[in-house]
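Proteins come first, then strands; the chains are lettered A, B, ... in the order of their sequence lines, and each starts at number 1.
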Number of protein chains: 2
Amino acid sequence: MAKSITRKNSTRKEMISLAAARLFREKGFNATGMRDVADAVGIEAASLYNHIRSKSELLQEICFRVANEFHAQLNELDQKPNLNSLDRLTAVIRQHIHMWVTRLDEVIVANNESKYLDDPYNATFQNERKVYARRLEQIIEDGIKKGQIRKVKPYVVVQTILSAVRGIEFWHRTKKNISIEDLTSTMISHLIEGLKK
Amino acid sequence: MAKSITRKNSTRKEMISLAAARLFREKGFNATGMRDVADAVGIEAASLYNHIRSKSELLQEICFRVANEFHAQLNELDQKPNLNSLDRLTAVIRQHIHMWVTRLDEVIVANNESKYLDDPYNATFQNERKVYARRLEQIIEDGIKKGQIRKVKPYVVVQTILSAVRGIEFWHRTKKNISIEDLTSTMISHLIEGLKK
DNA sequence: GTCTATATAAGGATAGAC
DNA sequence: GTCTATCCTTATATAGAC
């Protein structure tokens, strides 16, 4: 009984969160009104507050859900010690593209709207990003040390890769005849071949 | 006399525009109030309207100033017919990085806040972006045809390069000991070597 | 849990004195 | 050209009936 109530609540809340993610992505966090979110789920704005505490809370949950997911995927990769650096980077790129394709709204919100998080959430989130990037830099450094990667600045390479993948946001808008596979293979070959010795 | 009035006006308006660019970048267009802009130039909010028509107009001028500048720089490159495709792409990357370094606020606003332009400006601006990207695709296609560039999807490569350069926005935030030269050379080698046959 | 009604605050823009 | 005062709209969030 308690379980069914919980599930009903969380399902409702999930709907609100996903609707918010779509709206925050399309119109931006500040330009999205609670009335917009309410309309999207078919209730009045006031009713939202039976499920969420505030508009800020919606943003927080979206951003940290995404951050946690990215870290979890990187954790999985860490448990495959027999991958070399370039294979590891390739897998990271694939993971990112997969996230972009399957959870576009949330990922874009986490990238573009996280700056509107209130403190201390804002600082925490930016730190998550930094830690994640640092983990990727380690992969590059390892590859340089082992002679698989040219002598580059790991920090710059990581930012280049992360930014490049992030650009899929704009790819989505146009109606090009490019499959996910073409997209993935072109990006990987471009970004990985450019690192080889 | 008329000239001095004109110059005075345009200087004042320039100050407002640059202050707005900085604020729009830092806080976002919607989170920036006219009172914020007024504070930044040291006048009252009402006084702004002697120089500008509306908050939207500020955004429009910033975005199209940037768009025109990028097109102008590409036009310059077009007048050097003896450059090959890879050199041409390298020059484009250098131009972009230079814009990011010298006019960071305006470029970030044009990239991140242009979606808040009212129609028809929004549609016009997005089209400018599309035309610009198409011009870069032509360079890639040319390089493939002449055997300098591997067989890649030009559209994806252009988006990868544009997105990668765009990421300098985030590079700026951290205090890494990386010079502009290291940044530029690492990005160029990474993004250009990855295209060579 | 959802509704109607509303409190409270903030934002863009204008009027009119100086 | 700049100011003070203010209009008008919109937004988040709450109160209380059902």
Side-chain angles (χ1 to χ4, degrees), chain A residues 1-21 23-24 26-62 109 113 115-119 121-122, chain B residues 1-24 26-63 109 113 115-119 121-122:
Chain A
M1 209 38 77
K3 186 179 177 185
S4 95
I5 292 172
T6 300
R7 189 167 56 193
K8 195 177 176 186
N9 280 347
S10 67
T11 298
R12 190 58 146 170
K13 196 175 174 181
E14 256 175 56
M15 282 177 52
I16 295 172
S17 183
L18 291 178
L23 288 164
F24 290 169
E26 288 170 356
K27 311 177 53 158
F29 176 71
N30 283 300
T32 300
M34 293 307 271
R35 289 166 185 80
D36 299 325
V37 178
D39 283 352
V41 297
I43 58 178
E44 291 298 313
S47 306
L48 290 172
Y49 292 88
N50 286 310
H51 305 280
I52 59 160
R53 217 178 301 272
S54 66
K55 187 185 174 187
S56 303
E57 192 195 62
L58 278 173
L59 182 60
Q60 287 156 29
E61 294 193 354
I62 293 165
V109 169
E113 312 295 323
K115 63 179 168 188
Y116 301 117
L117 288 168
D118 301 318
D119 276 320
Y121 300 101
N122 188 12
Chain B
M1 209 37 77
K3 185 178 177 183
S4 95
I5 291 172
T6 301
R7 188 167 55 190
K8 196 176 177 186
N9 281 348
S10 66
T11 297
R12 189 56 144 172
K13 196 175 175 181
E14 257 174 56
M15 283 177 52
I16 294 172
S17 183
L18 291 179
R22 189 165 50 81
L23 288 165
F24 291 170
E26 289 171 355
K27 311 176 54 156
F29 176 71
N30 282 301
T32 300
M34 293 306 273
R35 289 161 184 83
D36 298 326
V37 178
D39 283 352
V41 298
I43 59 179
E44 290 299 313
S47 306
L48 291 172
Y49 292 88
N50 286 310
H51 305 280
I52 60 161
R53 216 177 303 269
S54 66
K55 188 185 174 187
S56 303
E57 191 195 63
L58 278 174
L59 182 60
Q60 286 157 27
E61 295 193 353
I62 294 166
C63 290
V109 169
E113 311 296 321
K115 62 179 169 187
Y116 302 116
L117 287 168
D118 300 318
D119 277 320
Y121 299 102
N122 189 10

TODO: Let me know the distance between OH of B/Y116 and C1' of C/dG11, rounded to the nearest Å.
DONE: 16 Å
- [ ] Would you mind reading off the distance between B/L59 atom CG and C/dG12 atom C1', rounded to a whole angstrom?
- [x] 15 Å
Open item on the list: So, does A/S47 get its side chain near the phosphate of C/dG1, meaning an N or O under 4.0 Å from OP1 or OP2?
Closed with: no
- [ ] Quick one: closest heavy-atom pair of A/M34 and A/I52, and the distance?
- [x] CE-CD1, 3.5 Å
Open item on the list: Go nucleotide by nucleotide along DNA chain D from the 5' end; which of A/R53 and A/D36 gets its closest nucleotide reached first?
Closed with: A/D36
Open item on the list: Which nucleotide wins on minimum distance to the side chain of B/A46, given the candidates C/dC3, C/dG12, D/dA5?
Closed with: D/dA5
Task: Nearest-neighbour nucleotide for the B/S54 side chain, D/dT4, D/dT12, C/dA13 considered - done: C/dA13
Task: A/E44 side chain, from C-beta outward: closest of D/dT4, C/dT4, D/dA13 - done: C/dT4
- [ ] Answer yes or no for A/K55 and A/F29: cation-pi contact, defined as NZ/CZ to six-membered ring centre under 6.0 Å and angle to ring axis within 45°.
- [x] yes
- [ ] When you get a sec, tell me which of D/dT14, D/dG1, C/dG12 is the closest nucleotide to the side chain of B/H51?
- [x] D/dG1
Task: Whole-Å distance separating the CZ atom of B/F24 from the P atom of C/dG11 - done: 13 Å
Task: For B/D118, all residues meeting salt bridge (charged side-chain N to carboxylate O under 4.0 Å, His left out), sequence neighbours excluded - done: none
Task: Working for salt bridge (Lys or Arg N to Asp or Glu O under 4.0 Å), residues B/R35 and B/E44 - done: CA-CA 7 Å; B/R35 289 161 184 83; B/E44 290 299 313; over 6 Å; no
TODO: Scan A/T32 against the nucleic acid and name what it touches under 4.0 Å (heavy atoms): base, sugar-phosphate only, or nothing.
DONE: sugar-phosphate
Task: Protein-nucleotide distance (B/R35, atom CZ; C/dA10, atom C1'), rounded to Å - done: 7 Å
- [ ] Could you check how far NZ of B/K13 sits from P of D/dG1, rounded to whole Å?
- [x] 12 Å
Open item on the list: Expressed as a whole number of angstroms, how long is the span from B/I43:CD1 to C/dC18:C1'?
Closed with: 17 Å
Open item on the list: Between P on C/dG1 and CD1 on A/I16, what's the gap in Å once rounded to a whole number?
Closed with: 10 Å
- [ ] Measure from CE on B/M34 to C1' on D/dT9 and round the result to the nearest Å.
- [x] 16 Å
Task: Minimal non-hydrogen separation, B/A31 against B/D36, with atom names - done: O-OD2, 4.0 Å
